[in-house]
Amino acid sequence: LHDALPISETARGQASTASNTKILFQSSRDGNAEIYVMDSGGRVATRLTNNSAEDEDPVWSPDGRQVLFVSTRLSGDTNHQIFLMNADGTNQRSVTNDVTLEDRYPTFSPDGRKIVFARIFENNYDIYSIDVDGSNLARLTTHYLDENHPVYSPDGSKILYQSEQDGQRVRLYTMNPDLVAPVRVH
């Protein structure tokens with residue numbers, strides 16, 4: 001492709017969903033990380049966020065009508081919190097707002113009602129869940145080594161995540177969203 005994105009672009013984008021034919025991505029093309037969407041042909045990019053904070057890690061909702069992302073806009077560029085906006089960039093609002101904590105890697109549950117994410121607590125990442133309206137925050141893991149990058153299984157019955165809990169290297173684990181003990185899968 002001769003129209004490839006510049007090196008400052010990130011590969012951290014998300015392809016279209018069944019109900020959305022656009023590509024969602026983050027870019028620093030205008031000086032800091034912002035969220036963009038472009039048509040599937042890759043020709044027209046529209047900036048969805050526009051502020052001096054870092055806006056990163058965009059994720060489509062399962063129905064393609066909303067976008068989940070993280071931003072430093074509440075903390076003054078120190079810690080990320082989770083935000084939600086409409087697919088056209090309107091109605092941007094925080095889901096988490098504790099600026100003393102770092103929230104990263106959010107993903108939706110398959111039904112779009114919950115978010116699972118990693119939060120730094122006591123110097124390491126643990127897995128948390130929260131309702132999309134910001135209620136019902138729950139800590140799902142409590143290990144002293146990092147556990148992060150959670151994703152729901154397509155049917156919502158499991159959460160897959162990375163963990164260093166064996167103390168040797170990063171491995172994949174699954175757990176039930178209702179806090180049943182994790183199982184190492186790799």
Side-chain angles (χ1 to χ4, degrees), residues 12-15 17-20 24 26 33 35 48-49 53-75 78-87 91-166 170-186:
R12 210 177 301 172
Q14 189 179 16
T17 64
S19 60
N20 194 333
L24 186 63
Q26 75 185 48
I35 308 300
L48 299 180
T49 60
E54 299 292 315
D55 295 330
E56 302 172 315
D57 301 338
V59 179
W60 289 118
S61 62
D63 65 6
R65 295 173 33 182
Q66 295 185 307
V67 174
L68 194 58
F69 64 102
V70 297
S71 178
T72 60
R73 62 180 74 177
L74 296 179
S75 66
T78 56
N79 287 325
H80 291 83
Q81 288 77 48
I82 298 170
F83 280 76
L84 189 63
M85 66 180 158
N86 295 339
N91 198 21
Q92 296 181 20
R93 60 213 179 270
S94 64
V95 176
T96 62
N97 57 19
D98 188 336
V99 298
T100 66
L101 299 171
E102 171 83 356
D103 296 336
R104 295 302 299 250
Y105 319 117
T107 58
F108 282 99
S109 61
D111 63 9
R113 297 186 332 205
K114 286 199 147 310
I115 298 165
V116 66
F117 64 99
R119 169 176 275 180
I120 291 183
F121 183 77
E122 297 176 351
N123 298 317
N124 70 288
Y125 281 109
D126 279 314
I127 307 299
Y128 286 76
S129 70
I130 194 168
D131 290 350
V132 294
D133 67 2
S135 64
N136 297 316
L137 177 67
R139 186 175 179 185
L140 304 180
T141 63
T142 57
H143 202 270
Y144 69 94
L145 294 172
D146 282 338
E147 297 175 313
N148 54 44
H149 295 282
V151 293
Y152 279 93
S153 62
D155 67 358
S157 67
K158 299 280 186 203
I159 297 171
L160 178 72
Y161 62 98
Q162 295 178 356
S163 177
E164 298 173 355
Q165 65 182 259
D166 74 359
V170 175
R171 296 188 183 269
L172 297 177
Y173 285 78
T174 63
M175 69 176 156
N176 294 338
D178 60 3
L179 307 177
V180 175
V183 176
R184 190 173 108 191
V185 293
H186 174 70

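FYI, side chains are in, hydrogens and waters are out, and symmetry mates aren't considered; it's all heavy atoms of this structure.
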Nearest 0.5 Å, please: how far is CG in L74 from NE2 in H80? 11.5 Å
Looking only at heavy atoms, what is the nearest atom pair of V95 and D131, with distance? CG1-O, 3.9 Å
Check against side chain to side chain contact (heavy atoms under 4.5 Å, CB included), M85 and N91: CA-CA 5 Å; M85 66 180 158; N91 198 21; 5.9 Å; no
Closest heavy-atom pair, S129 versus K114, reported as atoms and distance to 0.1 Å, is OG-NZ, 4.4 Å
For A53 versus S71, what's the shortest heavy-atom pair and its separation? CB-OG, 4.0 Å
If you round to the nearest 0.5 Å, how far is OG of S61 from CG of L68? 9.0 Å
Starting at CG of D103, measure out to CD of Q81 and round the result to the nearest 0.5 Å. 6.5 Å
For S109 against P62, the heavy-atom pair lying closest together: O-CG, 3.3 Å
Take T49 and E54 through the side chain to side chain contact (heavy atoms under 4.5 Å, CB included) test and state the conclusion after the steps. CA-CA 10 Å; T49 60; E54 299 292 315; over 6 Å; no
Partner of Y105 by ring-ring contact (aromatic ring centres under 6.0 Å, His included), out of F69, Y125, Y161: Y125
Please determine whether side chain to side chain contact (heavy atoms under 4.5 Å, CB included) holds for the pair V116 and I127, giving the CA-CA distance in whole Å, both sets of side-chain angles, and the decisive distance to 0.1 Å. CA-CA 7 Å; V116 66; I127 307 299; 3.6 Å; yes
Run the side chain to side chain contact (heavy atoms under 4.5 Å, CB included) check on F108 and D63 step by step: do they pass? CA-CA 10 Å; F108 282 99; D63 65 6; over 6 Å; no
When rounded to the nearest 0.5 Å, the distance separating CD of E56 from CZ of R104 is 5.0 Å
Note: A87 and W60 closest approach over all heavy atoms is CB-CZ3, 3.8 Å
Which value, rounded to the nearest 0.5 Å, describes the distance between Q162 atom CD and R171 atom CZ? 12.5 Å
Single hit among T96, L137, I82, L140 for side chain to side chain contact (heavy atoms under 4.5 Å, CB included) with Y128: L137
Heavy-atom distance under 4.5 Å between the side chains of D111 and Y152, does that happen here? no
Does a sphere of radius 6.0 Å around CG in D155 hold more than 12 heavy atoms from other residues, nucleotides or ligands, not counting ones at 6.0 Å or beyond? yes
Which value, rounded to the nearest 0.5 Å, describes the distance between Y173 atom OH and M175 atom CE? 12.5 Å
side-chain hydrogen bond (donor to acceptor under 3.5 Å, both in side chains) with D55: of Q26, Q92, R73, only one passes, and it is R73
Taking C-beta and beyond as the side chain, do V132 and Q66 meet within less than 4.5 Å on heavy atoms? no
CZ (R113) with more than 12 external heavy atoms under 6.0 Å: no
Heavy-atom pair with the smallest gap, counting every atom of N79 and E102: CA-OE1, 3.0 Å
